[in-house]
Amino acid sequence: LIDDITGLPSRQTLLRDIGNSHNEVLVVININAFSKINGFYGLNAGDELLLKVALHLEKSISGHGHYFINPRLYKLPSDEYAILTQTFDDDALQLGLRAVNREVFDHPYQILGFDILVQATWVFSVTEGSEKSLVEAELAGKEARLKKQNFVRYDAKQFQLSQQKIELAKMVRSSILEGRLYPVF
């Protein structure tokens, strides 16, 4: 229930808390290009960065109580964190997240004698009280990173459209591979 590196509550704890939540906002934070940091500087440097980011996130979130109501920080697998909170409104949430982003990611981290500057992708949405909201937010984060977006408000309707496009692409690919699609010129 606790992450070994950061000491934060883990994904399992978050899932339990989401199941007990009512109309809270889930924020998933992903450190961009973290695998490159691990590859270039080593796993110990990556672990140290994860810990330092966690400490900065905790401090920054607690310092912005005028944007968040009862925020709780979690460590997800790999290079992701999550915040489960209530907020006053969507504008306040976005202002708060941007302020936290500036405090946590607008300066380099001193790791093993190197200055490492990292950026993050932030995806947020209202929870539905199930694991589905976390999975969808993580998938929306992957799509946001591909589109080079740093702040994305997750929308269930948008996710359904993306899922439909994926299914259509699978059908077309399958049809081509099975010889069921014929080009006409």
Side-chain angles (χ1 to χ4, degrees), residues 1-32 34 49-106 118-166:
L1 298 178
I2 301 294
D3 177 68
D4 292 337
I5 296 170
T6 63
L8 291 173
S10 70
R11 185 177 198 275
Q12 286 304 114
T13 306
L14 173 61
L15 291 174
R16 182 195 65 210
D17 292 351
I18 286 174
N20 296 326
S21 73
H22 301 287
N23 208 29
E24 288 188 289
V25 175
L26 172 65
V27 181
V28 175
I29 307 153
N30 178 279
I31 297 175
N32 298 341
F34 182 75
L49 178 64
L50 291 174
L51 176 60
K52 287 185 175 185
V53 167
L55 294 172
H56 279 88
L57 279 169
E58 277 186 312
K59 181 179 177 185
S60 185
I61 291 165
S62 65
H64 288 287
H66 50 288
Y67 295 120
F68 311 113
I69 303 168
N70 189 27
R72 289 151 345 257
L73 180 63
Y74 303 84
K75 177 65 181 76
L76 302 180
S78 187
D79 58 353
E80 290 187 325
Y81 300 85
I83 302 168
L84 192 59
T85 187
Q86 293 178 343
T87 187
F88 299 102
D89 60 41
D90 203 51
D91 290 336
L93 174 68
Q94 289 194 46
L95 285 172
L97 294 179
R98 289 181 190 283
V100 170
N101 184 65
R102 280 190 304 276
E103 288 179 13
V104 176
F105 296 107
D106 274 3
V118 293
Q119 293 181 328
T121 300
W122 300 69
V123 177
F124 51 97
S125 68
V126 175
T127 64
E128 297 174 4
S130 74
E131 181 177 337
K132 180 182 174 189
S133 57
L134 177 58
V135 172
E136 291 174 350
E138 288 172 336
L139 290 173
K142 289 178 183 178
E143 189 172 318
R145 285 188 302 282
L146 289 173
K147 293 179 179 178
K148 308 282 189 210
Q149 297 172 321
N150 284 15
F151 289 88
V152 176
R153 185 180 202 306
Y154 168 72
D155 180 3
K157 290 177 186 170
Q158 176 188 0
F159 183 75
Q160 282 181 325
L161 289 174
S162 294
Q163 286 298 100
Q164 289 172 351
K165 288 178 184 177
I166 290 170

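One is the number of the first residue; the rest follow in order along the sequence. The structure presented is a predicted model; accordingly, all values stated were derived computationally and were not measured.
- Between Ile18 and Leu14 the shortest side-chain heavy-atom distance falls below 4.5 Å.
- Heavy atoms from other residues, nucleotides or ligands lying under 6.0 Å from CD of Gln86 number more than 12.
- Closest of all the heavy-atom pairs between Phe124 and Gln94 is CZ-CG, 3.6 Å.
- Listed by first then second residue, pairs satisfying salt bridge (Lys or Arg N to Asp or Glu O under 4.0 Å) with a partner in residues 65-75 read Glu24-Arg72, not counting sequence neighbours.
- Inspection of the Tyr74 and Asp3 side chains reveals no N or O donor paired with an N or O acceptor under 3.5 Å.
- Of all heavy-atom pairs spanning Gly63 and His66, the tightest one is O-CE1, 4.0 Å.
- When every heavy atom of Ile5 is checked against every heavy atom of Leu51, the shortest pair comes out as O-CD1, 3.7 Å.
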- Message: Could you go through Asn30 and Asp79, starting from their C-alpha distance and side-chain angles, then the distance that decides it, and tell me whether this counts as side chain to side chain donor-acceptor pair (under 3.5 Å)?
- Response: CA-CA 6 Å; Asn30 178 279; Asp79 58 353; 3.1 Å; yes
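- How far CG of Leu76 is from OH of Tyr81: 9.5 Å, rounded to the nearest 0.5 Å.
- With hydrogens and angles disregarded, no donor-acceptor distance shorter than 3.5 Å links the side chain of Thr6 to the backbone of Ala54.
- Within the 4.5 Å cutoff, the side chain of Val25 has no heavy atoms near those of the Asp90 side chain.
- With 3.5 Å as the limit, one finds no donor-acceptor pair spanning the side chains of Asn70 and Thr85.
- In this structure, the side chains of Arg98 and Trp122 stay at 4.5 Å or more apart for every pair of heavy atoms.
- The shortest side-chain heavy-atom distance between Val123 and Val27 does not fall under the 4.5 Å cut-off.
- Put simply, the side chain of Val100 does not reach to within 4.5 Å of the side chain of Tyr67, judged on heavy atoms.
- Listed for the Ser60 side chain is no donor-acceptor partner under 3.5 Å among the backbone atoms of His56.
- Counting only heavy atoms from C-beta outward, the side chains of Ile83 and Ile61 approach each other to under 4.5 Å.
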